[in-house]
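Counting convention: from 1, in listed order, for ligands and their atoms alike. Here the structure is a predicted model, which means the values were calculated and not measured.
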Amino acid sequence: MALIVKKFGGSSVATPEKIYNIVNRVLRDKKEDDRIVVVVSAMGDTTDDLVCLAKQITSRPYGREMDRLLSTGEQITISLMSMAFMEKGQPAVSMTGAQAGIVSSDNYGKGRILDIDPSRVFAALDEGNIVVVAGFQGITDFGDITTLGRGGSDTTAVALAGAMKADVCEIFTDVEGVYSTDPRIAPNALKLPEITYGEMLEMARLGAGVMQPRAVEMGVRYGVPIHVRSTFSDNEGTIIREDYTMEENKRTVIGVADDTNVAKVSLIGVENKPGVAHTIFQSLADKNVDVDMIVQSIRTVEDQVTDIVFTITRDDVVLARDVIEELKKNLQMEDYSINESMAKVSIVVAGMLGQPGIAAQMFGIFSEEDINIEIISTSEISVACLIDEARVKDAIRAIHDNLVVNNRG
Ligand code: ADP
Ligand code: ASP
Ligand code: MG
């Protein structure tokens with residue numbers, strides 16, 4: 001007897017026919033005693049369509065109303081899938097995030113799971129049901145719905161699997177697993193049989209959209225193995241776990257990731273004195289604007305001013321602009337600009353310490369491709385470069401060909 005959480009993403013549940021295919025597959029694979037929880041996303045592009053709908057009303061982020069709107073997508077899928085199970089003779093019950101006991105923080109659009117009380121899910125399983133849970137949503141202590149950020153159904157699935165002590169969390173998607181880079185950009189991308197939580201977290205954080213970063217964090221927290229695999233084939237996918245089981249699966253450059261949801265903010269001629277950086281970044285943090293890369297340039301000492309350049313996600317541009325306009329009232333600043341056509345391309349490596357030349361090799365490839373690097377940041381296991389969005393695919397293919405396929409790293 002196993003307890004398994006299976007998550008199906010938007011493209012996997014895009015049509016009633018696809019929903020029936022999943023139902024048939026789940027029932028085919030289910031052993032008699034298995035207890036199955038299915039977590040689903042909104043059908044196809046529903047979430048994007050809902051965002052579009054809201055944009056036709058306003059460009060301002062009305063967080064609470066937006067989250068209520070976006071959470072409806074997943075609720076369509078859970079009802080349809082439960083009906084499909086019952087049509088096949090399998091008792092099933094659908095649950096919203098709130099009904100599944102998922103308590104989330106009140107930062108709209110970026111809710112974090114604070115607590116899970118899966119007792120109602122367990123009770124429904126005990127009655128012989130398959131439980132179909134809406135991904136991407138939780139409920140605050142005040143009873144408001146918050147969504148968990150784009151791709152958040154992954155997080156719902158892994159967190160629920162962890163809280164319920166499931167044997168495995170299977171993430172079914174439209175590719176066969178985690179690859180060395182996005183296989184839609186580089187068709188020669190390699191499928192990785194296994195990857196560690198730490199490496200996957202870095203890949204996801206740097207933009208590999210196959211898993212939401214917070215889902216990987218949940219995997220680490222609960223130690224639940226995650227199997228990323230295809231909805232449309234029976235092939236084994238990628239297992240994300242604590243460490244490699246096979247030495248030969250360890251590689252130097254694990255993958256290449258890109259993130260095009262990036263905006264570069266430049267604050268020009270800011271007063272150069274203690275406390276200024278704190279004021280700027282605290283004001284952004286107060287509005288829940290996540291800042292990623294930060295560079296403070298050194299002008300000549302006589303200037304007494306500095307330029308501060310940082311990156312945020314494009315979703316936060318309206319909020320960030322409001323914060324900066326407010327800051328300008330009290331802070332000396334010559335000018336500012338926001339550029340929404342930048343992107344980040346990164347490599348994830350198995351430990352930079354043993355690879356002193358790897359960053360230089362990456363920059364060499366950018367140079368061969370005549371791609372300008374605007375900002376560089378490094379961590380123990382990654383190097384990230386901010387470049388012009390128009391060159392992202394060229395950059396990914398060249399870096400992947402040289403450092404992963406030809407293993408120059
Ligand atoms: P779902 O709707 O199932 O959640 P997503 O679109 O969120 O699916 O994630 C799957 C997509 O992630 C793939 O179609 C692929 O284009 C993209 N992707 C980006 N990087 C990677 C990677 N390293 N490995 C696999 N897929 C990746
Ligand atoms: N439907 C949400 C999105 O499109 C959540 C998810 O699919 O994971 O981002
Ligand atoms: Mg996804």
Side-chain angles (χ1 to χ4, degrees), residues 6-14 18 22 38-52 66-67 69-78 97 109-111 133-138 145-160 169-193 195 199-216 226 228-232 237-238 240 253-261 313 315 343-348 392-393 396 399-400 404:
K6 294 170 184 268
K7 179 258 170 179
F8 293 89
S11 48
S12 307
V13 295
K18 287 184 169 174
I22 290 170
V38 179
V39 174
V40 286
S41 292
M43 293 169 72
D45 295 330
T46 302
T47 310
D48 289 333
D49 295 344
L50 293 170
V51 171
C52 258
M66 198 63 194
D67 273 8
L69 175 69
L70 296 189
S71 69
T72 61
E74 272 66 13
Q75 295 185 33
I76 296 173
T77 326
I78 53 171
K110 298 176 184 175
V133 177
F136 179 52
Q137 53 180 268
I145 298 168
T146 47
T147 60
L148 308 178
R150 297 305 303 268
S153 299
D154 296 334
T155 305
T156 305
V158 181
L160 205 51
C169 179
E170 294 182 300
I171 303 286
F172 290 88
T173 185
D174 58 1
V175 286
E176 297 242 332
V178 178
Y179 284 73
S180 50
T181 193
D182 188 341
R184 294 188 201 287
I185 297 181
N188 59 353
L190 314 171
K191 185 166 103 182
L192 310 177
I195 184 169
E199 291 160 359
M200 187 66 232
L201 183 57
E202 198 71 352
M203 286 281 283
R205 217 175 53 77
L206 294 169
V210 63
M211 283 287 288
Q212 204 202 33
R214 270 191 255 138
V216 189
I226 306 169
V228 181
R229 58 191 309 188
S230 168
T231 306
F232 310 109
T238 303
I240 310 171
V253 179
I254 285 130
V256 187
D258 70 293
D259 184 356
T260 49
N261 185 12
T313 68
D315 311 317
K344 195 167 71 173
V345 169
S346 316
I347 54 171
V348 174
V392 163
K393 288 188 178 158
I396 291 278
I399 291 170
H400 183 261
V404 179

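Of the N or O atoms in Phe136, none lie within a sub-3.5 Å distance of an N or O in ligand 2.
Between Ala215 and Thr155, the shortest heavy-atom contact is N-OG1, 3.2 Å.
Distance from atom 7 (O) of ligand 2 to its nearest protein heavy atom, with residue and atom name: Ser41 OG, 2.9 Å.
Which parts of ligand 1 touch Val178 is read off a 4.0 Å heavy-atom cut-off, strictly below it: atoms 24 (N). Close contacts between ligand 2 and Gly151 involve ligand atoms 3 (C), 5 (C), 6 (C), 8 (O), 9 (O) [criterion: under 4.0 Å to a heavy atom].
The shortest separation from a heavy atom of Gly10 to ligand 1 is under 4.0 Å, placing the residue in contact. Put simply, no part of Gly9 is less than 4.0 Å from ligand 2, judged by heavy atoms. Using a non-hydrogen distance threshold of 4.0 Å, Lys7 registers as a contact of ligand 1. Taking 4.0 Å as the cut-off, Gly151 does not count as a neighbour of ligand 1 on heavy-atom distance. Heavy atoms of Gly10 stay at 4.0 angstrom or farther from ligand 2.
Counting heavy atoms closer than 4.0 Å to ligand 1, residue Val175 contributes side-chain atoms (C-beta onward) but none from N, CA, C or O.
If you check the side chains of Asn261 and Thr313, you find no donor sitting under 3.5 Å from an acceptor.
Using a 4.0 Å cut-off between charged nitrogen and carboxylate oxygen, Lys393 and Asp182 do not count as a salt-bridge pair.
Nearest to atom 25 (C) of ligand 1 by heavy atom, out of Gly209, Gly177, Ala208, is Gly177. For the residues Gln137, Arg150, Glu74, Met211, the heavy atom positioned nearest atom 3 (C) of ligand 2 is part of Arg150.
Here the side chain of Ser180 pairs no donor or acceptor atom with the backbone of Ala189 at under 3.5 angstrom. Proximity of a side-chain donor or acceptor of Gln137 to a complementary backbone N or O of Gly97 within less than 3.5 Å is detected.
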Practice problem: Evaluate side chain to side chain contact (heavy atoms under 4.5 Å, CB included) for Met66 paired with Val51, printing each intermediate quantity in order. | Solution: CA-CA 8 Å; Met66 198 63 194; Val51 171; 4.2 Å; yes
